[in-house]
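As structure tokens, the structure follows; a few thoughts come after it.
Chain A is the first sequence line, chain B the second, and so forth, proteins listed ahead of strands; every chain is numbered from 1.
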Amino acid sequence: MKEKICLKQFFKLMVVYIIANDTVRGIYAHDLKQDVWIPQLIGVLISVLLFTLYLFIYKNTKFNDFDNSMKHVLGKFVSKIIYVLYIIYFLAIIFFNLTDMQEIIILHLLPGYSDIMLNLIMLGAILYLLSKKVEVLARLSELVFLGIIAIFIAMIVFSTSIHVFNFNNVLPILNKGYLPIVRPAIEMGYSVPFGELFVMLVIFQHLDNKEKHTKVGTYSILTASFILTTVTLLNIFIIGPYAMSYGLSPAFRLARMLDIEEYLQRLDLLLIGYHMIVVFVKIIVLLYGASIMVRSIFKLKEKQTKYSNLILVAIVFVATLFLTKRYTDILVFRRDFFIKYIGLIMEVFFPLLIVIISFARKGKKIVNPNDLLEFEI
Amino acid sequence: MKKFKIFILILVSALGLYGCGSKQDINELIFISAIGFDKSENDGFKMIAQIVNNNVLVPDPPQITPVVIVTSEGETVLDCLVNLNNLLPNRTYMINLQMVVFSEEVAKEGINEYMHFFVNFSEAQHEYNVVITKDISAEDLMSQISVFSMFPTRVLINKLKTATDYYGFARMTFVEEVVNTLRSDYGTLVLSSITAKGDLEKGKSIDQTKETDVVSKIEISDIGVFKDGKLKGWLSKDESVAYNFIHNKIERAYMTVDGTKGNKISNLLRMNKSKITVEVKNNQPSVYIDIKFNVLVTEDTSLVIEIEKAYEEHVERMIKEKLTKQIEDLIVKGKSYFEYDIFGFSEYFYKYEPKWYEANKLFYDEIFKTMPIYVNVIPNIERMDV
């Protein structure tokens, strides 16, 4: 790997990636109300477990890069099929994230603004950043991470100084039993908000001395989950279990409640503007993952990747042109089908299968995957 | 290649200019400071909007009305707003909305269906008060010009805040709290009310600001008690203070008690710390209310505040007895007059005894009527203003 990122940069990039999921994670509060923090905590554990599991793909193969590790485990042909599925999966997540942002910006920030123009501008900025490769992305995420921490602290300070906390809003705990939280807890672990982390393996290859730093993912997930869960708890304590279920982003809702002496108001609008950059980082990571896979499938040279990136972005743009007419339909499809089935397959079943195979192939002789026959597994 | 990149950059930047196409000058917006609802003669909503007159927003404002009232009707709140816009030259903007007022009549019929717009509408900020009117319509209340400020809504909010923070007989209730209570099957909604007395017609004119006698007197009135979103009755000011004591909502309050020599002693009560505990033993629910607060003896009509232990104990005992009686009378009123849990103890049963509450919530009102409620008032003489 020519490009290297340091441990801190990877940590911050992953935190930013997870925080980007704040946009829609409030959807779970609609049913779970004051119990929503419990599946979140369980989801964090599942997420940590899954990411640790993903890393066995590197540990068991001893290759430095993602592509060779995958080819070593699965063989060229199967890895290509898996790549195609993951490219579609990543593009779908990008599409969902983009429509989330589009919906929030058009509703709150720029009412009446053209969807097409907005998507064009967002994807243009994303494409530009993508062309700058991983090191620039890592540096950007360092800055964005600082902003997130500053906003988080400001939010806690403002909330505690101007609102009364009703701690007993969190009661009763699990009034309807454990069953209602089981599925959300698992979904939160592998999908929104703490999951969708398989793509981070692609970024992980750029990390120096990765064998020694396998815990960095755990620290990132724990840090991001601390921020997200604190915001959830503030929602419960300040807004209350029913009023907090309006809207999809707990952070925006909390920021909207902040009114400092009628002077500082509507901080949600500032937060939405900032969150756009956070979502950009997530989309770039996903696009980068897809780009690496495309490059491997078509054996593209590095210079040719900019064209493949352009095509990937164009696919997303075309999808936004034709599929974003009804946001509710997208949200329902995402919640009831994509996260439930596709996410489970792509973030749990496939990685689990790959890891099991990697264990089976652990003792095998390490050869350059390019020397392998096309159909060998 | 570099020139091409710069060209592309300029082109992409230029796309951002698209946003300027729908720009809205601040002078072309109409700011709504308060929204009220009266009973419509048709089958729908009647909305009254108090609109800030932009012409007074200058350093040396002319002698013109600072606010105007516009009324519209519709099937929903948004429908009313759309119809309101038809009457106005520019688009309404609700970023400065500060108060939502329901008339007594509307409150009696129920406020549930009005609330979703206010909790969900993205244009408005969220720290706005919800109040009801007493004995007058929302339109009459909102058309009163204030002698104290250009903006009557600001005066109303300040009055409400003063009555809440300094005298303890009112409540600031924000939209989120209203929605939480309305949507849940526990708890009780209470809202402060505002009334206006005097010559309300004269009160609508800015001419009243030229007179020393205030022609229309706007005051914070009783607290309205709701059930299922409908106004069921009122709590007088003394009852409201007792109610707020129970719910730990007292910043400061005043109480006058009898002295030993036929004199009257006035006291400032503050630093209220109340705790409601619920208990279910052998399927028998009970409620314990512990109220602690500090007392500052402020005035004695006998001209002397005595530095004696006996005096201090007398004041303490009298305050304890008076407040306990007020609360017990209120409990009796809740059980016999309202015949349902006006105190929202159901919320505590739901939170601390959820299984019992789930099993009994359908008969809860009946259970409440015979439920033992124990009150323990502990005043502490903090200091005597000698």
Side-chain angles (χ1 to χ4, degrees), chain A residues 33-34 104-114 116-125 127-128 131 162-164 166-176 235-236 238-247 252-262 264-269 272, chain B residues 5 8-9 11-24 91 93 95-98 115-128 154 157 172 174-187 248-249 275-276 347-358:
Chain A
K33 304 278 179 324
Q34 74 275 6
I104 287 168
I105 290 170
I106 302 270
L107 257 179
H108 299 271
L109 214 56
L110 297 167
Y113 200 81
S114 157
I116 300 170
M117 285 294 177
L118 186 65
N119 287 330
L120 210 59
I121 291 168
M122 288 200 288
L123 287 171
L127 192 64
Y128 173 74
S131 70
I162 62 174
H163 287 297
V164 178
N166 283 323
F167 291 107
N168 67 2
N169 275 352
V170 87
L171 297 172
I173 294 170
L174 296 176
N175 193 27
K176 292 174 184 167
N235 264 262
I236 297 171
I238 295 170
I239 304 173
Y242 285 90
M244 69 179 243
S245 62
Y246 291 102
F252 297 163
R253 182 132 208 104
L254 192 65
R256 197 167 161 187
M257 292 283 292
L258 296 175
D259 179 0
I260 299 137
E261 293 299 318
E262 292 176 17
L264 268 178
Q265 295 175 333
R266 297 309 305 268
L267 297 176
D268 56 325
L269 302 180
I272 289 169
Chain B
K5 278 184 181 173
I8 293 292
L9 195 67
L11 198 69
V12 171
S13 311
L15 288 177
L17 294 173
Y18 183 88
C20 303
S22 58
K23 76 174 175 66
Q24 190 100 45
R91 187 173 82 85
Y93 198 47
I95 193 97
N96 275 5
L97 180 70
Q98 293 171 324
M115 292 312 300
H116 184 245
F117 175 84
F118 294 101
V119 77
N120 209 37
F121 189 52
S122 64
E123 199 174 270
Q125 57 160 323
H126 268 232
E127 287 280 302
Y128 45 82
R154 183 97 308 268
I157 290 170
M172 305 275 281
F174 296 108
V175 69
E176 270 77 12
E177 190 181 335
V178 176
V179 169
N180 273 328
T181 318
L182 291 180
R183 280 191 62 191
S184 61
D185 53 1
Y186 53 82
N248 204 15
K249 296 279 184 188
K275 193 179 176 195
I276 297 170
E347 184 177 344
Y348 292 85
F349 283 109
Y350 169 74
K351 287 179 175 171
Y352 295 99
E353 299 286 349
K355 282 180 185 161
W356 179 86
Y357 185 71
E358 201 60 37

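With a 4.5 angstrom heavy-atom cutoff, A:N168 touches chain B via backbone and side-chain atoms both. Only the side chain of B:Y186 comes within less than 4.5 Å of a heavy atom of chain A; its backbone N, CA, C and O stay farther away. Heavy atoms closer than 4.5 Å to chain A are found nowhere in B:Y357, neither backbone nor side chain.
Here B:L182 contributes atom CG and A:Y242 contributes atom OH; the two are 11.5 Å apart, rounded to the nearest 0.5 Å. In this structure, the separation between CD on B:E176 and NE2 on A:H163 is 8.5 Å, given to the nearest 0.5 Å.
Remark: B:E358 does not engage A:K176 in a salt bridge, criterion side-chain N to carboxylate O under 4.0 Å.
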- request: Could you check A:N175 against B:Y350 for side chain to side chain contact (heavy atoms under 4.5 Å, CB included), going step by step and ending with a plain yes or no?
  value: CA-CA 9 Å; A:N175 193 27; B:Y350 169 74; 3.8 Å; yes
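Surrounding CD1 of A:I116 are at most 12 heavy atoms belonging to other residues, nucleotides or ligands under 6.0 Å away.
A pairwise comparison of heavy atoms in A:R253 and B:V119 identifies NH2-O, 3.2 Å as the closest pair. For the residue pair B:N180 and A:I239, the shortest heavy atom distance occurs at ND2-O, 2.5 Å.
Judged as a side chain to side chain donor-acceptor pair (under 3.5 Å), and not counting sequence neighbours, the contacts of A:N169 are B:K351.
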